[in-house]
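A short write-up of the structure that comes next.
Indexing begins at 1, ligand by ligand and atom by atom, following the structure's order. Given the structure is predicted, the values throughout are model-derived calculations rather than measurements.
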Amino acid sequence: MSRVFNFGAGPAAIPLEVLEEAQKHLVDFKGEGMSIMEASHRSKMYDDVHTEAMALMRELYEIPEDYEILFLQGGASSQFALVPMNLYQGGKAEYADTGSWSAKAIKEAKIQDINFEIIASSKESNYNHIPENIHFSDDADFAYITSNNTIYGTQYKTFPKTKAPLVIDASSDIFSYPVDWSTVDLMFAGAQKNAGPSGVTIVIIKKELLGRVSDKVPTIFRYKTHAEKDSLYHTPPTFGIYMLGLTMQWIKAQGGIKALQKANEAKAALLYDAIDNSNGFYIGHAKKDSRSLMNVSFNIKDKDADLEAKLVKLATENGMIGLKGHRSIGGLRASIYNAMSLEGIQALVALMEQFAQDNN
Ligand SMILES: *Cc1c(COP(=O)(O)O)cnc(C)c1O
């Protein structure tokens, strides 16, 4: 067996231990004579998986009891629409625009014709930083941020303080550091970056927000519907939830989320040091104080597209894939989520250093 180092932004690397555990039980799940994928979502066999995934998530991420965990479908993108549908109360919503994903969320607010304001944006500088001193109005219906900007490689170091319900799209940094839940009211994420394969969408929502939704909102699109049925209102993405549960077990085996945070800091530091110590051969996209620990976006000097393509190709030949930058900024992007090993980063750094020497 040979496995590549997968630096892709999403769907992204999954820990080998998780894949192997799933493989072991794929055809005959713990003596049940069938796969978990074939089991009824009303069976005890599946219910144990569902309940354990939720309980482990609550334990590891230290989610307080007054928050509901929901397993939905539709991807993080569906939440761009569901958030205003469920939280807007006829007042005002406020958004911070820190990249393409925030912009897409804002587009959905526009479509729903709600009263909203973009109170901070780094668009003018090609989203290379998180705006300083973001101040949401305390009386806003909700305040919206994207904690990690997957494309531009920027990340909030602390969440803005506000009395308004704070909504966070954490699709690309969920489970990578401990969260102070007293500052967060709704967090959502597609699973495919840091929590398993695509298919399940995680929503963590303060229970007191569930009652806001109007009965004009279709049943399936109400958080309340899913909360009342423990995310078994209809068929949930059972295999994705199973894999999410295995990922939670893996996080526990790594020492929990604090331990992962430490590892993530060390991993990102190696890569940023390689950029900073390259005498200008590599140039990071994000300003230093906004640098993401999950996505490292960079260019080669003079945005030399030929050299950038050459490095991506060389990396691929050496078993490091997924490094081509997003089309909106070009260059390279190394996505180094929880599942990326230190060895993977070390291999990439060695290659980058050699490449800079050979091409400078
Ligand atoms: C990937 C990503 C999304 C989109 O997720 P889907 O599950 O594909 O809809 C949204 N927000 C952020 C921050 C992302 O990284």
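Checking side-chain atoms of Tyr67 against main-chain N and O of Val184 turns up a donor-acceptor pair under 3.5 Å. Within the 3.5 Å criterion, the main-chain N or O of Thr162 finds no donor-acceptor partner in the side chain of Asp138. Between the side chain of Asn115 and the main chain of Gly91, a donor-acceptor pair closer than 3.5 Å is present. In this structure, Ser102 contributes its side chain and Thr146 its backbone to no donor-acceptor pair below 3.5 Å. The backbone N or O of Ala189 lies less than 3.5 Å from no partner atom in the side chain of Gln79, so there is not a single donor-acceptor pair. Here the side chain of Thr201 pairs a donor or acceptor atom with the backbone of Gly75 at under 3.5 angstrom.
With a heavy-atom cut-off of 4.0 Å, Phe188 does not touch ligand 1 at all.
Atom 15 (O) of ligand 1 has as its closest protein heavy atom Thr150 OG1, 2.5 Å. For atom 8 (O) of ligand 1, the closest heavy atom belonging to the protein is Gln192 NE2, 3.4 Å. Closest protein heavy atom to atom 11 (N) of ligand 1: Asp169 OD2, 2.6 Å. With hydrogens left out, the protein atom closest to atom 9 (O) of ligand 1 is Ser77 OG, 2.6 Å, a heavy atom.
With ligand atoms numbered from 1 in the order given, ligand 1 contributes 10 (C) to contacts under 4.0 Å with heavy atoms of Phe80. The Gly75 neighbourhood of ligand 1 comprises atoms 7 (O), 9 (O), with distances under 4.0 Å to a heavy atom of that residue. Taking every heavy atom of Ser171 and a limit of under 4.0 angstrom, the matching atoms of ligand 1 come to 2 (C), 10 (C), 11 (N), 12 (C), 13 (C), 14 (C), 15 (O). In the vicinity of Thr146, heavy-atom distances shorter than 4.0 Å reach the ligand 1 atoms 13 (C). Shown in contact with Ser172 at under 4.0 Å from a heavy atom are these atoms of ligand 1, numbered in order with element: 15 (O).
Checking only distances, Asn148 never comes within under 3.5 Å of ligand 1, N or O to N or O.
By heavy-atom distance, the residue among Ala76, Ser147, Gly74 lying nearest atom 6 (P) of ligand 1 is Ala76. Here the shortest heavy-atom distance to atom 3 (C) of ligand 1, taken over Lys193, Gln73, Met294, belongs to Lys193.
Across all their heavy atoms, Thr316 and Val312 have their closest contact at OG1-O, 2.8 Å.
Ion pairing of Lys24 with Glu21 is present here, as a side-chain N (NZ or NE/NH1/NH2) and a carboxylate O approach within less than 4.0 Å.
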CA sep, side-chain torsions, deciding dist, call: Tyr282, Tyr272, ring-ring contact (aromatic ring centres under 6.0 Å, His included): CA-CA 10 Å; Tyr282 299 113; Tyr272 285 120; over 10 Å; no
